[in-house]
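Sequence lines set the chain letters: A, B, ... in the order given, protein chains first and strands last, and positions in each chain run from 1. Both backbone and side-chain heavy atoms feed into the values below; hydrogens, waters and symmetry mates do not.
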Amino acid sequence: MPLKVYNSLTRQKETFTPINAPYVGMYVCGPTVSGESHLGHARPYVTFDILYRYLNYHGYKVRYVRNLTDAGHFEEEGREAEDKISKKAVLEKLEPMELVQKYTNLYHWAMALLNNLPPSIEPTATGHIIEQIEMIKKIIADGYAYEANGSVYFDVEKYNTDYSKKNQPYGILSGRVLEDQLDTTRELDNQDEKRNRSDFALWKNAPPEHIMRWQSPWGEGFPGWHIECSAMSTKYLGDEFDIHGGGMDLQFPHHECEIAQSTVCNHKMPARYWMHNNMITINGRKMGKSYNNVIKLSELFSGSHPILEQAYHPMTIRFFILQSHYRGTLDFSNEALQASEKAFKRLWEVFDWLSQWVVPQTQAASDIELDAKVKKLVNEFDEFMDDDLSTPKVLANMFELSSVINSIKDKHIAGDALSSVTVGLLQTQMRLFIEDIFGLKGDRSDNSGKLDGVLQLLIDIRKEAKRRKDFVTSDKIRNELATLGVQLKDEKDGEMSYTIG
RNA sequence: GGUCCUGUGGCCGAGUGGCUAGGCAAAGCUCUGCAAAAGCUUCUACAGCGGUUCGAAUCCGCUCGGGACCUCCA
């Protein structure tokens with residue numbers, strides 16, 4: 001089955017065909033490292049991590065490029081650049097590199113906890129100033145940009161006129177018609193330098209207080225926001241590559257501008273498939289800095305935000321994101337996250353048991369119907385993922401399978417109901433999708449073996465106590481362990497198991 | 001004003017015109033020394049009004065509600 005993805009450019013699902021199989025080039029807009037990542041940021045990175053993993057699973061050799069925006073109008077959250085520049089002491093001055101390092105570290109930390117695979121290349125905007133300048137020169141030479149007071153602007157009007165003839169007007173991605181755009185009176189610096197309101201900056205002249213600045217043919221300044229992605233995607237993926245991803249809020253103007261810039265420079269639409277994840281909302285509203293309603297990932301992991309009823313494990317967040325389709329909005333609430341936490345725990349326990357379940361090698365299915373049903377549910381994993389990454393449907397099937405597996409575990413269903421072949425398929429595919437493709441991982445981690453030994457000892461003592469009907473002792477062990485965060489469970493067969501956390 | 005998305009049961013969320021989404025919560029039962037877990041069962045839906053159709057949550061129209069974007073905010 002071929003993979004189909006929804007292409008924002010054509011507004012429909014399309015079969016994914018790489019330009020140069022088995023190689024796949026994928027560019028995803030990364031964060032601006034002038035602040036901490038919040039829950040909303042987690043979504044694109046998890047979504048495209050799943051896509052990256054799934055493409056790998058399909059056998060493609062993927063070059064995944066995700067940038068770090070570390071240039072531009074830079075200052076630390078809530079602190080004015082002017083304040084800093086006036087300080088005399090070196091150590092009190094805002095050092096851009098320090099800021100960038102701090103937030104890059106935090107971002108990487110969060111990505112690792114969410115178990116996102118690192119991209120193949122993670123280029124920085126500041127590391128590609130030369131490429132950006134070269135690109136701007138080219139655009140000027142072609143007549144689609146002009147200089148004004150040390151800044152360079154892209155001539156959207158001209159581009160739109162010329163490229164409309166080539167069926168690629170400005171606004172093709174977001175479905176906007178230039179003439180229809182309202183002349184909103186948003187106040188921006190040096191707005192009067194532009195020939196038209198719709199023009200956007202390729203290079204900005206840096207005022208004296210601006211802390212980040214580079215030499216350019218147009219004087220000291222810094223690159224516009226959009227040009228970095230065009231420069232870096234072209235450099236690492238070529239004039240035309242397969243997938244360009246990012247949040248829906250970047251569709252306009254960011255991606256639209258990228259298309260215009262790259263098309264002028266390379267004479268090609270930069271990417272074939274444009275994919276956009278939807279927003280995470282809170283109380284029905286987009287989570288974003290401008291709404292002042294963000295919950296940072298570090299706060300989520302530690303529970304240190306007034307709105308949070310508890311801390312949430314990074315895997316709970318990942319699972320929460322997978323439970324909805326990436327093109328729909330996803331609403332945050334404590335209730336929803338707690339539901340995800342429980343659901344994930346249940347799935348993981350089933351998976352844990354399944355992994356070590358051994359059946360006789362040549363076992364035939366005693367329940368043909370159930371055997372067929374299980375096979376069907378498992379085989380649908382691929383089918384659903386191929387259909388524009390329908391992770392929630394795959395999870396739904398996993399939960400249906402969980403009921404079957406638990407029933408077998410608890411002996412409500414015979415152990416030989418499924419054939420050894422089906423069990424093998426189930427084990428293989430569950431592991432593949434849960435761990436490799438969904439990137440979920442459990443907590444059987446910091447178990448050095450010593451802890452396990454101690455717990456086994458307590459379990460033995462408790463078993464002995466129960467045998468003597470000494471429930472005071474057995475309950476004491478269970479209850480005290482519970483307060484320490486260790487749950488003991490009496491299994492059907494008289495065995496006991498434990499879970500931590 | 002423009003472009004687009006959206007309104008599913010207590011909550012979150014799938015839903016490709018006809019066939020159970022799923023998870024969490026709630027209730028009952030089974031199991032259990034008691035729990036927990038698990039299994040089984042049950043419950044509350046498709047914003048409203050029209051239309052197309054043998055049949056619509058799903059297509060069309062209108063109304064109402066919510067949201068995103070509209071140029072350097074990433």
Enquirer: Starting from the 5' end of RNA chain B, give me the residue, A:Arg478 or A:Tyr326, whose nearest nucleotide shows up first.
Expert: A:Tyr326
Enquirer: How would you label the contact of A:Ser407 with the nucleic acid (heavy atoms, under 4.0 Å): base, sugar-phosphate, or nothing?
Expert: sugar-phosphate
Enquirer: Rounding to an integer number of Å, can you tell me how far A:Leu322 CG sits from B:A21 P?
Expert: 22 Å
Enquirer: Hey, does A:His226 reach any base, or is it just sugar-phosphate, or nothing, if we go heavy atoms under 4.0 Å?
Expert: nothing
Enquirer: Does any donor-acceptor pair link the side chain of A:Asn397 with the base of B:G22 at a separation under 3.5 Å?
Expert: no
Enquirer: Would you mind telling me which residue lines up with the more 5' stretch of RNA chain B, A:Leu488 or A:Arg11, judged by nearest nucleotide?
Expert: A:Arg11
Enquirer: Between A:Leu395 (CG) and B:G22 (P), how many Å, whole number?
Expert: 13 Å
Enquirer: Strictly below 4.0 Å: does A:Tyr291 bring a side-chain N or O up to OP1 or OP2 of B:A68?
Expert: yes
Enquirer: Please state whether the phosphate of B:A37, meaning OP1 or OP2, lies under 4.0 angstrom from any side-chain nitrogen or oxygen of A:Arg346.
Expert: no
Enquirer: OP1 or OP2 of B:A14 versus the side-chain N and O atoms of A:Arg327: is any pair under 4.0 Å?
Expert: no
Enquirer: Answer yes when A:Arg467 and A:Glu464 have at least one side-chain N-carboxylate O distance shorter than 4.0 Å, and no when they do not.
Expert: yes
Enquirer: Just checking, is any N or O donor in the side chain of A:Asp352 or A:Gln356 under 3.5 Å from an acceptor N or O on the other one?
Expert: no
Enquirer: State whether the distance check finds a donor on one side and an acceptor on the other, under 3.5 Å, for side chain A:Asp249 versus base B:C70.
Expert: no
Enquirer: Does OP1 or OP2 of B:A37 have a side-chain N or O of A:Lys409 closer than 4.0 Å?
Expert: no
Enquirer: Which part of the nucleic acid, if any, lies within contact of A:Ala396, taking any heavy atom under 4.0 Å across all strands shown: a base, the sugar-phosphate backbone alone, or nothing?
Expert: base
Enquirer: Using the P atom in both, what is the distance from B:G17 to B:C60, to the nearest Å?
Expert: 12 Å
Enquirer: Taking the six-membered ring of A:Tyr146, is NZ or CZ of A:Arg195 closer than 6.0 Å to its centre and within 45° of its axis?
Expert: yes
Enquirer: Check whether the side chains of A:Ser324 and A:Arg43 place a donor and an acceptor atom closer than 3.5 Å, and report yes or no.
Expert: yes
Enquirer: Please give, in whole Å, the distance from B:G22 P to A:Phe433 CZ?
Expert: 20 Å
Enquirer: Do we see a donor-acceptor contact under 3.5 Å between the side chains of A:Thr316 and A:Ser340?
Expert: no
Enquirer: Under 4.0 Å between any heavy atoms, over every strand shown, what does A:Phe200 touch: base, sugar-phosphate, or nothing? Just pick one.
Expert: base
Enquirer: Using a 4.0 Å heavy-atom cut-off across all strands, classify A:Leu347 as base, sugar-phosphate, or nothing.
Expert: nothing
Enquirer: Any base atoms under 4.0 Å from A:Ser340, or only sugar-phosphate, or nothing? Heavy atoms, all strands.
Expert: nothing
Enquirer: In Å and rounded to the nearest 0.5 Å, what is the CZ to OG1 distance from A:Phe384 to A:Thr391?
Expert: 11.5 Å
Enquirer: Could you tell me whether A:Lys376 and A:Glu380 have a side-chain N and a carboxylate O separated by less than 4.0 Å?
Expert: yes
Enquirer: Closer than 4.0 Å, any side-chain N/O of A:Lys286 to the OP1 or OP2 of B:C69?
Expert: yes
Enquirer: Stacking between A:Phe471 and B:G33, defined as ring centres under 5.5 angstrom apart with planes under 30°, is that present or not?
Expert: yes
Enquirer: Measure the distance from CG on A:Asp470 to P on B:C34 and round it to the nearest whole Å.
Expert: 16 Å
Enquirer: Could you spell out the base pairing of RNA chain B as a dot-bracket line? Use Watson-Crick and G-U wobble contacts where both distances are under 3.5 Å, [ ] for crossing pairs, | for partners on a different strand.
Expert: (((((((..(((.....[...))).(((((.......)))))....(((((..]....))))))))))))....
Enquirer: Give the rounded distance in Å between these two atoms: CD of A:Glu349 and C1' of B:A37.
Expert: 8 Å
Enquirer: Would you please say whether a donor-acceptor pair under 3.5 Å links the side chains of A:Asn196 and A:Tyr153?
Expert: no
Enquirer: Considering just the side-chain nitrogens and oxygens of A:Ser403, establish if one lies under 4.0 Å of OP1 or OP2 belonging to B:G39.
Expert: yes
Enquirer: What is the separation between atom CZ on A:Arg43 and atom C1' on B:A68, rounded to the nearest whole Å?
Expert: 13 Å
Enquirer: Verify the distance criterion only: is there a donor paired with an acceptor across the side chains of A:Asp331 and A:Thr329 at less than 3.5 Å?
Expert: no
